[in-house]
Amino acid sequence: MFSDVILIMLLTFTPITTEPIIPQETSAGIDGEWQLLHNNIGISPMHMQLLRNDKVVMFDRTDAGHSNISLPFHRCRYDPFDYVLTKDCTAHSILYDIRTNTFRPLSIRTDTWCSSGAVLADGTLVQTGGYNDGDHTVRTLVPCDDGNCDWVEFSGYLTEPRRFSTNQLLPDGRIIIIGGRLQFSYEFYPTSSAFYNSSSFLIDFLKDANNGVSVNNFYPFVHLLPDGNLFLFVNLRSVVIDYKQNKVVKNLPPIPGDNPRNYPNSGSSILLPLDENKSVEPEVMICGGAPRDAFLDIKRTHNFARALPTCGRIKVMDENPSWEMESMPIARVMGDMVILPNGDVIIINGAGSGTAGRNNARDPVTRPVIYHPNSPLNTRFSVMQPTSRPRLYNSGAILVTDGRVLVAGSNPNPFYNFTDVEFPTELSLEAFLPPYIAKANDPIRPIILTLDGEVMEYKKPFTVSFTVLKYLKLSRVTVRIIAPSFTTHSLGMNQRMVVLKETRNVTFVEGSYIKTYYSIEVAGPSTAEIAPPGYYLLYLIHAGIPSPGMWVKVQ
């Protein structure tokens with residue numbers, strides 16, 4: 001069965017830093033703060049995923065030429081199918097350790113250009129598809145702390161070539177892989193067959209939603225809904241599909257404006273937090289992008305159209321859903337949307353004109369904005385401090401355990417070009433510190449002391465004990481869990497937040513003149529459709545300020 005498995009040799013690598021940078025004491029204010037973590041991590045990440053042991057897998061495509069970090073022990077990759085380098089002794093993936101600010105190279109054999117991923121319930125990263133010899137490949141990486149884990153590759157696993165597809169973890173623990181370039185179907189990992197090529201399922205909607213450009217249904221926006229169905233958005237249109245019966249169960253109205261939002265127009269999509277303390281109403285938000293003809297205008301006239309300033313929100317399960325539109329303070333294409341622990345959404349990276357693709361964008365947008373979903377319309381955006389480093393095509397952003405947003409990548413060039421180009425390849429690693437990290441918030445910042453075990457069971461009581469210097473009795477305390485995203489091409493796959501149902505109010509435990517201890521009891525998620533099984537970051541929020549996160553396994 002596994003005769004065609006490509007097993008990458010597991011090596012022990014010493015964590016390295018190319019230019020050690022000690023993050024300085026921070027004093028983030030109301031408009032946030034930027035930290036430079038490394039000037040050079042060796043690669044320009046196109047894909048990122050936080051793992052349950054506070055390590056981040058980052059990787060690029062393999063056919064962009066030599067990276068700036070070598071494989072250890074003079075090892076090389078030999079690939080006769082590679083379009084650029086048949087022999088390559090540099091790494092195109094790293095494993096970054098948040099706690100130590102170090103990283104080590106990983107080995108990838110087949111091309112991961114424009115691939116996708118999701119994390120299984122046991123914490124294993126499953127990464128699917130790519131380009132050329134990688135388009136039918138599945139790669140896995142099991143988290144480890146001993147420096148021995150690396151990619152394991154299964155060539156020929158996928159039924160169809162999957163490039164620009166989207167992955168979603170399902171309630172039963174499988175991963176559904178949807179769409180891709182010229183692919184109008186979906187399939188599953190693991191397959192239901194003892195053999196690889198099991199079957200794929202056609203979706204007419206994917207074929208019908210063509211945006212009139214040669215590229216079609218690249219990275220469709222997919223979100224798991226609380227009823228177990230999937231929200232699926234391509235270009236202008238969206239539907240709800242029942243993947244078990246392979247049928248559309250609901251057609252939603254097109255997003256206003258007649259401007260496609262998927263790659264290469266590249267807006268971004270997010271499922272807003274699900275709150276189990278009230279009737280759960282799943283609401284999807286889509287922001288930014290480029291005008292309909294922007295991609296073709298660049299090719300025909302070298303004109304870079306202004307990015308879209310609009311966001312749309314839709315309550316998917318309403319009887320007659322409609323889009324609520326609003327404008328961002330900064331128009332943006334290729335922005336990344338990340339759910340923050342307090343329920344806000346940061347929109348970061350991207351450009352003010354053009355589209356996704358090689359050298360297709362201008363006017364880098366260096367200022368993030370923070371969106372406050374529960375504020376009144378037209379008062380929901382706050383503009384943050386700018387970075388000094390443009391992050392354009394092939395950049396990304398993810399939330400990490402302590403509440404920072406890790407930002408990396410930007411390679412709008414065909415290869416790793418650092419000179420004689422308008423926007424050089426970016427190898428640095430930064431973190432953005434949202435305003436809640438400001439030291440002024442330390443007195444009301446809660447610190448989790450203990451969790452009721454490392455496993456949270458569905459519907460079962462779960463106690464969190466915490467301390468806080470200044471407890472504000474009139475302030476609501478909530479406990480919430482976040483599934484970290486697999487981020488690539490402005491899309492955070494599998495990202496979701498659940499605000500857990502409070503079953504016992506905050507209670508005083510004990511106190512002294514030094515510290516006072518409290519506890520709160522919540523219920524585990526009500527269903528696997530609300531929160532699929534797996535590892536989540538748990539945060540406690542007091543007076544709008546989150547604690548540092550802790551890992552918990554939902555099952």
Side-chain angles (χ1 to χ4, degrees), residues 22-30 32-33 35 50 52-54 97-101 145 273 275-277 339-344 399-406 431-457 460-482 484 497-525 535-554:
I22 306 299
Q24 300 299 307
E25 185 77 13
T26 59
S27 56
I30 59 172
E33 181 181 332
Q35 276 182 346
L50 174 67
R52 59 175 172 77
N53 58 354
D54 288 339
D97 190 323
I98 297 168
R99 300 168 187 165
T100 62
N101 193 32
D145 291 311
D275 191 344
E276 294 228 76
N277 292 282
I339 302 176
L340 299 176
N342 62 359
D344 289 344
L399 177 73
V400 294
T401 314
D402 57 16
R404 293 177 299 159
V405 177
L406 209 64
F432 179 75
L433 285 64
Y436 53 67
I437 293 181
K439 290 186 69 64
N441 292 321
D442 283 355
I444 58 173
R445 188 186 322 282
I447 303 297
I448 297 174
L449 300 174
T450 61
L451 300 179
D452 192 6
E454 297 178 356
V455 173
M456 177 183 292
E457 297 184 57
K460 297 293 181 63
F462 191 87
T463 301
V464 180
S465 65
F466 67 98
T467 185
V468 62
L469 290 175
K470 185 179 180 181
Y471 177 57
L472 305 179
K473 293 184 179 179
L474 296 180
S475 175
R476 186 184 178 203
V477 173
T478 60
V479 178
R480 51 201 56 196
I481 54 174
I482 298 179
M497 170 186 278
V498 179
V499 182
L500 299 175
K501 184 177 182 179
E502 184 180 331
T503 55
R504 191 182 67 212
N505 293 335
V506 173
T507 57
F508 169 82
V509 178
E510 62 177 313
S512 67
Y513 69 93
I514 298 176
K515 280 188 177 180
T516 304
Y517 302 95
Y518 306 91
S519 71
I520 183 172
E521 184 183 273
V522 294
Y535 285 89
Y536 290 75
L537 284 172
L538 182 145
Y539 295 92
L540 186 141
I541 312 298
H542 167 253
I545 303 302
S547 68
M550 296 186 71
W551 287 99
V552 64
K553 186 178 184 181
V554 173

Gap separating the OG1 atom of Thr516 from the NZ atom of Lys470, nearest 0.5 angstrom: 13.5 Å
Show the numbers, then the answer: is there a side-chain contact (heavy atoms from CB on, under 4.5 Å) between Leu399 and Ile339? CA-CA 8 Å; Leu399 177 73; Ile339 302 176; over 6 Å; no
Distance from Lys515 atom NZ to Leu449 atom CG, nearest 0.5 Å? 6.5 Å
Would you give the length of the straight line joining atom CD1 of Ile98 to atom OG1 of Thr401, rounded to the nearest 0.5 angstrom? 4.5 Å
List the atom of Pro435, the atom of Gly32, and the distance in Å for their closest heavy-atom pair. CG-N, 4.0 Å
Please determine whether the number of non-hydrogen atoms from other residues, nucleotides or ligands lying under 6.0 Å from atom NZ of Lys553 exceeds 12. yes
Measuring from Arg99:CZ to Asp145:CG, what's the distance to the nearest 0.5 Å? 6.5 Å
Looking at side-chain heavy atoms only, is the closest gap between Ile541 and Val499 below 4.5 Å? no
Side chain to side chain donor-acceptor pair (under 3.5 Å) partners of Glu502, counting only residues at least two apart: none
For Ile437 and Arg445, work out which heavy atoms get closest and say how close. O-NH2, 3.3 Å
To the nearest 0.5 Å, how far apart are CG in Asn505 and OG in Ser519? 10.5 Å
Val400 versus Tyr539, closest heavy-atom pair with distance: O-OH, 3.3 Å
Among Ile481, Asp275, Val479, the one residue meeting side-chain contact (heavy atoms from CB on, under 4.5 Å) with Val498: Ile481
Mind checking whether Pro525 and Val554 have side chains closer than 4.5 Å, heavy atoms only? yes
Shortest non-hydrogen pair, Pro548 vs Ile448, comes out as O-CD1, 4.1 Å
Identify the heavy atoms of Pro434 and Gly403 that sit nearest to each other, and give their distance. CD-O, 3.6 Å
Is the shortest heavy-atom distance from the side chain of Val506 to the side chain of His542 under 4.5 Å? no
How would you list all residue pairs meeting ring pair (Phe, Tyr, Trp, His ring centres under 6.0 Å) that involve residues 431-453, not counting sequence neighbours? Trp34-Phe432
Yes or no on side-chain contact (heavy atoms from CB on, under 4.5 Å) for Met550 and Val464, after CA distance, side-chain angles and deciding distance? CA-CA 11 Å; Met550 296 186 71; Val464 180; over 6 Å; no
Okay, side chain of Thr467, backbone of Ile447: is any donor-acceptor separation there less than 3.5 Å? no
Approximate separation, where rounding is to 0.5 Å, of Thr507 OG1 and Glu521 CD: 9.0 Å
Excluding sequence neighbours, so at least two apart, what forms ring-ring contact (aromatic ring centres under 6.0 Å, His included) with Phe466? Tyr518
Compare every heavy atom of Gly343 with every heavy atom of Pro273, then report the nearest pair and how far apart it is. CG-O, 3.9 Å
Under the salt bridge (Lys or Arg N to Asp or Glu O under 4.0 Å) definition, can you give me all pairs with a residue in residues 460-469, not counting sequence neighbours? Glu457-Lys460
Residue pairs passing the side chain to side chain donor-acceptor pair (under 3.5 Å) test where at least one lies in residues 471-482, sequence neighbours excluded: Thr478-Arg480
Do Arg52 and Pro484 come close enough that some side-chain heavy atom pair is under 4.5 Å? no
What do the steps show when you test Leu500 against Phe462 for side-chain contact (heavy atoms from CB on, under 4.5 Å), and what is the final call? CA-CA 10 Å; Leu500 299 175; Phe462 191 87; 5.8 Å; no
Please list, chain by chain and in numerical order, all residues satisfying side chain to side chain donor-acceptor pair (under 3.5 Å) with Asp344, sequence neighbours excluded. Asn342, His372
Please determine whether side-chain contact (heavy atoms from CB on, under 4.5 Å) holds for the pair Ile482 and Tyr536, giving the CA-CA distance in whole Å, both sets of side-chain angles, and the decisive distance to 0.1 Å. CA-CA 5 Å; Ile482 298 179; Tyr536 290 75; 5.8 Å; no
